[in-house]
Peer 1: 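Quick one: structure below, then a few questions.
These values consider heavy atoms only, across backbone and side chains, with no hydrogens, waters or symmetry-generated copies. In each ligand, atom 1 is the first atom listed, and ligand 1 is the first ligand listed.
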Amino acid sequence: MDDVLVRAGSLARTYVAGGATVTALADATFTIRALDRVALMGPSGSGKTTLLHLIGGLDVPSSGEISWPAIGPVGTLRPGPVSMAFQGPSLLPPLSVIENVALPVLLAGGTEQDARDEASRLLDVFELTELAEKLPEEISGGQQQRAGLARALAGGPKLLLADEPTGQQDHVTGARMMEELMLEADRVGCAVVIATHDPAVASYCKTRWSVKDGRLITEVAAWA
Ligand SMILES: Nc1ncnc2c1ncn2[C@@H]1O[C@H](COP(=O)(O)OP(=O)(O)O)[C@@H](O)[C@H]1O
Ligand SMILES: [Mg+2]
């Protein structure tokens, strides 16, 4: 049981907006183990981000249970053993790109030198070295997205949640990014859950889950 990172039973999340109730996720039961590689597939609005936020402890379920047996309680304060590469802009605006990427190492108690070395290495991996000293507002959305992924990997998470990580990349850059993401995950030894609607991105993962209208179907991909 040591390798069970996340266990969820009958997880549901409903939103009440303008008097209407939206069931974003219903009755999701699953386990995520150490080193798992999961592609969470589904069309826009199907509940992928909702599920990732629940897995990451950034949101609480309306009903059902979720626990992180091999990790302990997951707080909302990032970073930690569960890290998130967000779908939208997430870099801290006053910090440079390299400061953003170094932050998780510093917050985990690393020295400034360690943090800078780790951030420099990850910036190199994700083709951002030239942009290290820029502010987030001075770089493109795609570059911000790559920096967000680099930051999520800094500090060595046990579980990386990546929300449409290649959504703002061209195909060639997206493929390179996925190669590097998986290499880094192997190097660090973390599990990965990637929300995507791109089959090319999903093909990097051994396990495929699909979500449609808030219903999660878990299966192992035929190509694994
Ligand atoms: N904060 C919110 N308030 C109301 N409805 C929301 C909110 N967040 C998401 N939803 C709704 O929940 C459903 C799932 O959304 P989401 O998890 O973002 O899907 P995906 O990431 O697959 O595009 C959608 O119908 C969406 O409109
Ligand atoms: Mg989403």
Side-chain angles (χ1 to χ4, degrees), residues 5-32 36-66 68 74-79 82-91 136 140-153 157 159-171 173-174 177-178 181 185 191-205 207-219 221:
L5 300 179
V6 185
R7 180 179 291 120
S10 303
L11 211 56
R13 177 67 164 99
T14 53
Y15 296 106
V16 180
T21 302
V22 177
T23 302
L25 189 73
D27 198 24
T29 295
F30 58 89
T31 300
I32 301 170
D36 274 356
R37 304 278 181 263
V38 180
L40 174 61
M41 299 197 71
S44 184
S46 57
K48 302 184 296 298
T49 295
T50 298
L51 178 55
L52 284 191
H53 287 188
L54 290 169
I55 295 172
L58 296 169
D59 189 14
V60 287
S62 306
S63 61
E65 284 169 11
I66 183 162
W68 298 266
V74 170
T76 53
L77 184 66
R78 303 296 96 185
V82 183
S83 75
M84 176 83 68
F86 291 91
Q87 184 171 1
S90 69
L91 299 180
S140 75
Q143 290 161 342
Q144 289 183 40
Q145 188 178 42
R146 297 210 300 280
L149 180 60
R151 183 180 60 183
L153 283 159
L159 171 60
L160 170 70
L161 306 169
D163 199 351
E164 308 210 20
T166 63
Q168 296 186 62
Q169 313 295 326
D170 60 74
H171 274 302
T173 310
M177 200 176 159
M178 283 305 302
L181 189 167
V192 180
V193 181
I194 301 174
T196 183
H197 43 70
D198 183 349
V201 171
S203 70
Y204 287 86
C205 296
T207 303
R208 181 178 56 186
W209 295 354
S210 54
V211 60
K212 190 163 179 252
D213 296 333
R215 294 272 166 192
L216 177 69
I217 298 157
T218 58
E219 58 177 331

Peer 1: Which protein heavy atom lies closest to atom 17 (O) of ligand 1, and at what distance to 0.1 Å?
Peer 2: T50 OG1, 2.6 Å
Peer 1: Can you tell if the side chain of D27 reaches within under 4.5 Å of the side chain of R215, non-hydrogen atoms only?
Peer 2: yes
Peer 1: Nearest protein heavy atom to atom 27 (O) of ligand 1: under 4.0 Å?
Peer 2: no
Peer 1: Return the minimal non-hydrogen interatomic distance between A39 and C205, and the atom names on each side.
Peer 2: N-CB, 3.6 Å
Peer 1: Ignoring hydrogens and angles, state whether a donor on the side chain of R151 or S90 is under 3.5 Å from an acceptor on the partner side chain.
Peer 2: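 Result is yes, a qualifying pair exists.
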Peer 1: Tell me yes or no: between the side chains of Q168 and R146, is some donor less than 3.5 Å from an acceptor?
Peer 2: no
Peer 1: Would you mind checking which non-hydrogen protein atom is closest to atom 18 (O) of ligand 1, with the distance to 0.1 Å?
Peer 2: T49 CB, 3.7 Å
Peer 1: Assess A195 for proximity to ligand 1: is some non-hydrogen atom of it under 4.0 Å away?
Peer 2: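 Contact check A195 vs ligand 1: negative.
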Peer 1: Yes or no, since that's all I need: does a protein heavy atom fall within a distance strictly under 4.0 Å of atom 4 (C) of ligand 1?
Peer 2: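 Protein heavy atoms within 4.0 Å of atom 4 (C) of ligand 1 - there is at least one.
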Peer 1: Taking all heavy atoms of L11 and all of A8, pick out the closest pair and write down the distance.
Peer 2: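 Minimum heavy-atom separation between L11 and A8: CD2-CB, 3.8 Å.
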Peer 1: List ligand 1 atoms under 4.0 Å from P43, heavy atoms only on the residue side.
Peer 2: 22 (O)
Peer 1: Which residue holds the protein heavy atom closest to atom 6 (C) of ligand 1, what is that atom called, and what is the gap in Å?
Peer 2: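 Sorting protein heavy atoms by distance from atom 6 (C) of ligand 1 puts Y15 CD1, 3.2 Å first.
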Peer 1: If I compare all heavy atoms of A26 with all of T23, which pair ends up nearest, and what's the gap?
Peer 2: CB-CG2, 3.8 Å
Peer 1: To the nearest 0.1 Å, how far is atom 19 (O) of ligand 1 from its closest protein heavy atom, and which atom is that?
Peer 2: G47 N, 3.2 Å
Peer 1: Please give me the minimum heavy-atom distance between T196 and A202, naming the atom from each residue.
Peer 2: CG2-N, 4.1 Å
Peer 1: Should you measure from each heavy atom of K48, which atoms of ligand 1 turn up under 4.0 Å away?
Peer 2: 17 (O), 19 (O), 20 (P), 21 (O), 22 (O), 23 (O)
Peer 1: Could you identify the single nearest non-hydrogen protein atom to atom 12 (O) of ligand 1 and state the distance to 0.1 Å?
Peer 2: A24 CB, 3.3 Å
Peer 1: Locate the shortest heavy-atom distance separating A28 from L216; write the atom from each residue and the value.
Peer 2: CB-CD2, 3.9 Å
Peer 1: So is G45 polar-close to ligand 1, meaning N/O to N/O under 3.5 Å?
Peer 2: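 Indeed, backbone or side chain, G45 has an N or O that close.
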Peer 1: Between E164 and ligand 1, is there a nitrogen or oxygen pair with a distance under 3.5 Å?
Peer 2: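 No.
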Peer 1: Would you mind listing which atoms of ligand 1 come within a distance below 4.0 Å of any non-hydrogen atom of S44?
Peer 2: 23 (O)
Peer 1: Take every heavy atom of S46, measure it against each atom of ligand 1, and state whether any distance is under 4.0 Å.
Peer 2: yes
Peer 1: Are any of the side-chain nitrogens in K48 or D163 under 4.0 Å away from the carboxylate oxygens of its partner?
Peer 2: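 The answer is no: the pair does not qualify as a salt bridge.
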Peer 1: Nearest 10°: the angle subtended at the Mg ion (ligand 2) by Q87 OE1 and T49 OG1?
Peer 2: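 Computed angle, vertex at the Mg ion (ligand 2), rounded to 10 degrees: 80°.
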Peer 1: Might you point out which heavy atoms bring T31 and W209 nearest each other, and give the distance in Å?
Peer 2: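 Answer, listing the atom of T31 first, then W209: O-CZ2, 4.0 Å.
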